[in-house]
Amino acid sequence: MQGNRYPLTVEVFPDYAAMSGRAAEIVVELLQEKPDAVLGLPTGSTPLGFYDALVASGVSLAQARTFNLDEYLGLPRTHPESYYSFMKRALYDRSDLRPENCHIPDGNAPDPHEECRRYEEAIRAAGGLDILVLGVGHNGHIGFNEPGSQWDARTRVVNLAESTRRANARFFNSLDEVPRQAITMGIGTILEARRILLLASGQEKAPAVRDMVESAPTPDVPATALQLHPNVTVLLDREAAALLHR
Ligand code: GLP
């Protein structure tokens with residue numbers, strides 16, 4: 001792979017609450033220095049504790065701008081499992097974030113490809129992401145960048161891996177209801193964030209975490225792309241760290 005490779009900084013915590021608290025602390029420190037910081041934000045089960053801790057900190061988000069990583073394509077915004085609805089529940093409705101500062105790709109845009117270009121431009125116009133918080137999929141995906149994704153890819157429409165659809169089926173009535181496509185920031189977009197925090201919890205993430213930290217960078221494991229970024233902190237609970245050698 002081209003480019004410098006940096007060892008990922010890994011911090012291991014006794015449990016999920018401690019890991020989540022540390023993630024919130026890092027974001028709060030940033031907001032204290034830069035109240036209008038631009039935050040890249042994830043969805044999923046993993047960041048729920050982070051959002052709880054961020055809200056509990058009482059930090060003001062009144063000047064902050066947020067950009068979510070991804071959104072399902074074709075799911076109505078009001079569907080309880082759209083990432084927009086997730087963010088409303090997890091953060092938007094529980095903070096002083098201004099609605100006009102909360103950005104998430106529109107999975108119902110008439111022209112999804114144009115929506116991707118617009119989203120990239122909005123990130124650029126905001127001055128880029130100061131920090132991007134990420135989870136990781138079982139197959140090593142980040143955002144919805146599935147194995148095989150190009151590392152210079154920008155925000156785009158992607159097909160979801162069947163394993164990802166099955167993993168996310170727990171939130172829907174049936175596998176059939178899980179969307180087949182999504183809009184996601186690309187790995188190229190992700191790597192332009194000034195700082196990245198990756199959160200992983202639980203033993204089922206341990207293989208992906210081991211590959212992310214210890215494998216040579218390979219598009220087969222999208223999260224290994226993070227080794228090309230000089231400022232990544234990986235926050236883990238003990239179970240997620242269980243297969244690391246060092
Ligand atoms: C989802 C999201 C990712 C997330 C991942 C893990 O499909 N698109 O951004 O990191 O899967 O989710 P969870 O935290 O629920 O395990």
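Heads up: numbering here begins at 1 and tracks the sequence. Start at 1 and go down the list; that is how both ligands and their atoms are numbered.
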Lys/Arg-Asp/Glu bridge criterion (N-O < 4.0 Å) met for Glu162, Arg165:
yes
Ligand 1-proximal atoms of Val136, by part, heavy-atom distance under 4.0 Å
backbone
Check whether any heavy atom of Arg170 sits under 4.0 Å from an atom of ligand 1.
yes
Main-chain N/O of Ala90 paired with Arg94 side-chain donor or acceptor, under 3.5 Å:
yes
In ligand 1, the atoms that come under 4.0 Å of a heavy atom of Gly135 are 10 (O)
Is Asn145 reaching over with its side chain to a backbone N or O of Ile142, donor-acceptor style, under 3.5 angstrom?
yes
What atoms in ligand 1 come closer than 4.0 Å to a heavy atom of Thr46?
13 (P), 14 (O), 16 (O)
Among protein heavy atoms, which lies nearest atom 8 (N) of ligand 1, and at what distance?
Asp70 OD2, 2.9 Å
Glu177 atom CD: more than 12 heavy-atom contacts under 6.0 Å
yes
Might you work through the side chain to side chain contact (heavy atoms under 4.5 Å, CB included) test for Ser60 and Gln32, ending with a clear yes or no?
CA-CA 9 Å; Ser60 175; Gln32 282 164 349; over 6 Å; no
Nearest non-hydrogen protein atom to atom 16 (O) of ligand 1, with distance, is Lys205 NZ, 2.5 Å
Would Glu214 and His245 count as having a side-chain donor-acceptor pair, cut-off 3.5 Å?
yes
Hydrogens and angles aside, do Tyr72 and Asn168 bring a side-chain donor and acceptor to less than 3.5 Å of each other?
yes
Report the nearest protein non-hydrogen atom to atom 4 (C) of ligand 1: residue, atom name, distance rounded to 0.1 Å.
Thr43 O, 4.0 Å
Give me the ring orientation class for Phe67 and Tyr119: parallel if the planes are under 30° apart, tilted from 30 to 60°, perpendicular past 60°.
perpendicular
Can you list the ligand 1 atoms lying under 4.0 Å from a non-hydrogen atom of Phe144?
7 (O), 8 (N)
Assess Pro42 for proximity to ligand 1: is some non-hydrogen atom of it under 4.0 Å away?
no
Select one of side chain, backbone, both or neither to describe which atoms of Ile142 lie under 4.0 Å from any atom of ligand 1, heavy atoms only.
neither
Which heavy atom of the protein is the closest neighbour of atom 11 (O) of ligand 1, given with residue, atom name and distance?
His141 NE2, 3.2 Å
Whether over 12 other heavy atoms sit under 6.0 Å from Glu29 CD:
yes
Contacting atoms of ligand 1, where contact means under 4.0 angstrom from a heavy atom of Gly44:
14 (O), 15 (O)
Heavy-atom distances under 4.0 Å are what count here, so tell me which part of Tyr72 touches ligand 1: side chain, backbone, both or neither.
neither
Considering only protein heavy atoms, which is closest to atom 2 (C) of ligand 1, and at what distance to one decimal place?
Tyr83 OH, 3.7 Å
Which residue holds the protein heavy atom closest to atom 3 (C) of ligand 1, what is that atom called, and what is the gap in Å?
Gly143 O, 3.5 Å
Heavy-atom distances under 4.0 Å decide this one: backbone, side chain, both or neither, for Ser45 against ligand 1?
both
Would you mind reporting whether Tyr16 and Ser20 have side-chain heavy atoms less than 4.5 Å apart?
yes
